[in-house]
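All remarks here apply to the structure that follows.
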Amino acid sequence: MTTATRGGTGTAHTRVEGRDKVTGAARYAGEIPFADLAHGWLVLSAVARGRVRALDTDAVLAMPGVLTVLHHGNAPRVDTAFTGIMGVAPDPSTGLFQHDRVPHMGWPVALVVAETSEQAREAAGALAVHYDREPHDVAFSARRESEAYPLDGHMPAVVEKGDLEAELAASAVVVDAQYTTPEEHHNPMEPHAAAARWEGGRLEVVDSNQGTGWVADELANLFSLDPASVRVRSEHVGGGFGSKGTRAHQVAAVMAATVLQRAVRVVLTRRQMFSLAGHRSPTAQRVRLGADADGRLRALEHRSLNQTSTVHDFVEPSAAASRSMYAADAHHTAIRLVKLDVPTPTWMRAPGEAPGSFALESALDELAERCGVDPIELRVRNEPAVGPVSGLPFGSRNLIACFREGARRFGWDGRDPRPGVRREGRWLLGTGTAAASFPVMAMPSTAAVTAQADGTFTVRVNAADIGTGARTALTLIAADALEVPADRVRVRIGDSDLGPATIAGGSAGTRSWGWAVTAAAGELRRSLMPGADIPPEGITVRSDTAEALGALARKERHSFGAQFAEVAVDPATGEIRVRRMLGIFAAGRIVNPLTARSQFVGGMTWGISMALHEEAVRDRESGGLYGADLAGYHVAAHADVPHIEADWIDDPDPDDPVGIKGIGEVGIVGAAAAVANAVWHATGVRHRNLPIRPDRVLAGGDA
């Protein structure tokens with residue numbers, strides 16, 4: 001029996017769509033053919049703040065192939081006054097061309113539509129836009145704290161338990177440090193692209209997104225349409241990482257299709273993505289830890305500041321990552337925002353947890369050093385019995401088991417704790433560790449499973465496979481629930497007509513969709529009588545998990561992990577090389593080990609990139625980014641990642657029908673801190689500002 005048919009969940013399977021992807025048969029949003037297709041090209045503002053005084057459209061409209069130029073003076077009106085995903089209003093940036101104001105560099109001011117993409121691009125470059133400039137401010141730093149404000153969203157901005165100052169005063173050891181992380185960008189391999197057309201009074205959008213139901217609902221609200229008259233399809237997605245929700249290109253495509261009454265496609269360029277696809281906000285974080293001489297925490301304070309735009313509030317909840325990690329008598333966390341003339345940040349892989357874990361796990365390492373306690377032992381001594389702030393029991397918490405298994409495999413016990421003593425030629429060597437954690441969520445979803453007359457089964461669930469292998473995981477989950485080989489199951493995803501289902505986000509996708517698929521498949525199997533005839537149209541059972549999810553709120557649920565890194569540092573050049581990394585995770589039942597390991601390794605690789613490379617820098621004079629492309633924005637390449645190993649321990653969630661927790665984001669959490677802690681161990685110098693560039697190493701600390 002081949003790997004395509006052997007076993008179900010827990011067995012390694014290649015992707016069911018893998019052959020189509022490697023042969024080019026799988027079509028992405030920017031390449032699906034449409035009859036009579038026109039092409040739109042966005043024109044972005046060249047100033048960081050001000051107003052559009054005039055646009056010279058006459059000359060552009062006379063250029064070959066140009067069909068129209070949409071701008072604030074002639075574009076269709078849209079409505080942004082509605083509640084969107086996560087119970088908040090949408091970013092007004094999706095309300096394109098509704099006014100003449102420019103709130104940041106790279107704001108869309110016009111859309112040129114032409115017969116070909118080349119004609120649209122040339123005409124967009126020729127469009128002269130005249131502005132009334134105003135002074136702008138893009139300078140984010142910890143010094144903006146006095147202007148900042150808290151904002152309660154899907155979590156409270158400020159949480160306080162116990163008398164912080166009293167516990168700090170009573171502590172034998174205190175760590176008080178500032179940590180910063182820079183602006184970072186997603187830039188998935190596949191650029192954002194969407195094509196829109198009207199057919200039979202119905203709007204059809206072919207898009208690259210993380211949830212077709214999400215985009216369809218927001219487009220219906222924006223254009224005041226009956227939700228039933230909007231269909232969004234997104235069969236294959238070349239990465240998202242939080243950036244592929246409702247964006248300017250989809251709205252622009254719908255506007256142009258509505259005006260021209262023909263299909264229009266809009267594809268973002270790589271440089272445009274740096275303005276229009278969102279980003280991870282820079283953070284300035286202060287961590288104060290107070291402990292007894294043996295390292296037991298008495299006080300934990302984590303305050304975080306992030307930037308947002310002047311048009312929309314987005315919270316990077318970095319301090320919230322500390323609320324579930326370690327026991328302390330006083331536990332204070334706060335998240336605050338400062339408004340600047342920049343694009344609105346958005347969700348980016350492990351939002352909050354990735355930058356927050358760098359600050360917290362670095363501070364824990366500093367505390368371990370000052371107490372003379374091994375960093376792993378310090379975490380053992382501060383392991384909470386229940387949620388440190390919530391007081392809720394944990395669904396399961398196997399963090400310490402991850403550390404113990406990781407320590408054994410990494411060779412941690414032979415580590416000399418003294419910094420700067422290991423050498424290999426010109427290189428200083430060091431090792432570091434850090435904890436990983438990410439909340440476990442499940443969202444209401446529906447699914448339909450059909451038994452076909454030929455003995456196969458069709459699963460329909462509006463999931464989004466953004467490169468994670470969700471389509472394959474759902475095939476295995478359905479096969480187990482139906483008690484049939486995986487090659488008898490076909491899974492259809494990525495179409496809003498398939499019914500309500502959650503987005504691919506929050507590491508909750510496969511857990512949520514798998515729950516719905518399991519419920520429908522189990523009911524179908526129980527309803528099929530042995531030997532019964534199945535009609536040509538098949539027999540279908542549909543599920544809805546909304547009611548079943550209610551019981552999950554009674555526990556605090558997380559995936560956990562332990563990150564280990566070994567680095568080599570050249571003190572003469574400042575060069576840092578990560579020699580090896582190990583991650584051991586407790587992340588629920590692993591559905592497909594083959595793709596799961598890729599997810600963990602991908603997150604850990606991103607952690608290396610975060611620690612040593614990634615940094616988007618804004619020019620204070622222009623308000624734009626230096627090097628807004630993949631030449632100027634550095635990421636970890638193959639040569640930077642010599643050996644990464646990821647594995648897991650047994651950790652099924654007893655309250656999930658498949659035992660899933662979620663793995664998409666926990667792999668990046670703590671990885672940057674593990675690298676930074678290893679750099680300290682190698683050199684004896686703490687680096688509290690990311691990335692740890694060679695010039696910062698040469699300066700002997702943060703610069």
Rounded distance [0.5 Å steps], [atom1] in [X] versus [atom2] in [Y]:
X    : Y    : atom1 : atom2 : value
H236 : K21  : NE2   : NZ    : 6.5 Å
H192 : H249 : NE2   : NE2   : 6.0 Å
F358 : T180 : CZ    : OG1   : 7.0 Å
F438 : I663 : CZ    : CD1   : 12.5 Å
L268 : F274 : CG    : CZ    : 12.5 Å
S93  : Q98  : OG    : CD    : 12.0 Å

Worked verdict on T212 versus S496 for side-chain hydrogen bond (donor to acceptor under 3.5 Å, both in side chains) = CA-CA 5 Å; T212 61; S496 60; 4.8 Å; no
Could you check whether the rings of Y633 and H185 sit parallel, tilted or perpendicular, using 30° and 60° as the cut-offs?
-> perpendicular
[X] side chain to [Y] main-chain N or O, any donor-acceptor pair under 3.5 Å?
X    : Y    : answer
S318 : P355 : no
N689 : I692 : no
Q210 : K244 : yes
N221 : D217 : yes
D619 : G624 : no
S309 : V311 : yes
Q178 : R688 : no
Y179 : V287 : no
E665 : S507 : yes
E190 : G238 : yes

Check step by step if side-chain contact (heavy atoms from CB on, under 4.5 Å) holds for R265 and I32.
-> CA-CA 10 Å; R265 175 179 290 145; I32 294 175; 4.3 Å; yes
Is a salt bridge present between [X] and [Y], judged by a nitrogen-to-oxygen distance below 4.0 Å?
X    : Y    : answer
R280 : E614 : no
R27  : E31  : no
R233 : E235 : no
D132 : R51  : no
E145 : R303 : yes
R262 : E115 : yes

Of R618, R49, R144, the one forming a salt bridge (Lys or Arg N to Asp or Glu O under 4.0 Å) with D137 is R144
With a 4.5 Å limit on heavy-atom distance, are the side chains of M255 and L111 in contact?
-> no
So do F223 and V251 actually touch side chain to side chain, heavy atoms under 4.5 Å?
-> yes
Check the pair V697, H687 against side-chain contact (heavy atoms from CB on, under 4.5 Å), reporting the backbone distance first and the verdict last.
-> CA-CA 8 Å; V697 175; H687 289 270; 4.2 Å; yes
Hey, are E218 and T246 close enough side-chain-wise for a donor-acceptor pair under 3.5 Å?
-> yes
Taking atom types as modelled, find out whether Q285 and H302 have a side-chain donor-acceptor pair closer than 3.5 angstrom.
-> yes
[X] versus [Y], closest heavy-atom pair with distance:
X    : Y    : answer
Q119 : A114 : CB-CB, 3.8 Å
Q272 : V267 : OE1-O, 4.0 Å
V66  : V60  : CG2-O, 3.4 Å
P188 : G240 : CB-N, 3.9 Å
L44  : Y131 : O-OH, 4.1 Å
L276 : G106 : CD2-O, 3.5 Å

Taking [atom1] in [X] as the centre, count heavy atoms belonging to other residues, nucleotides or ligands within less than 6.0 Å. Is the count above 12?
X    : atom1 : value
R121 : CZ    : no
R143 : CZ    : no
H638 : NE2   : no
R77  : CZ    : yes

Quick one: which of T308, D313, T310 gives a side-chain hydrogen bond (donor to acceptor under 3.5 Å, both in side chains) with K339?
-> D313
In sequence, state the C-alpha distance, the side-chain angles, and the governing distance for H130 and D56, and then conclude on side-chain contact (heavy atoms from CB on, under 4.5 Å).
-> CA-CA 8 Å; H130 305 279; D56 296 341; 2.9 Å; yes
Kindly determine whether E184 and R349 satisfy side-chain contact (heavy atoms from CB on, under 4.5 Å), including the steps that lead there.
-> CA-CA 11 Å; E184 299 170 356; R349 195 174 194 173; over 6 Å; no
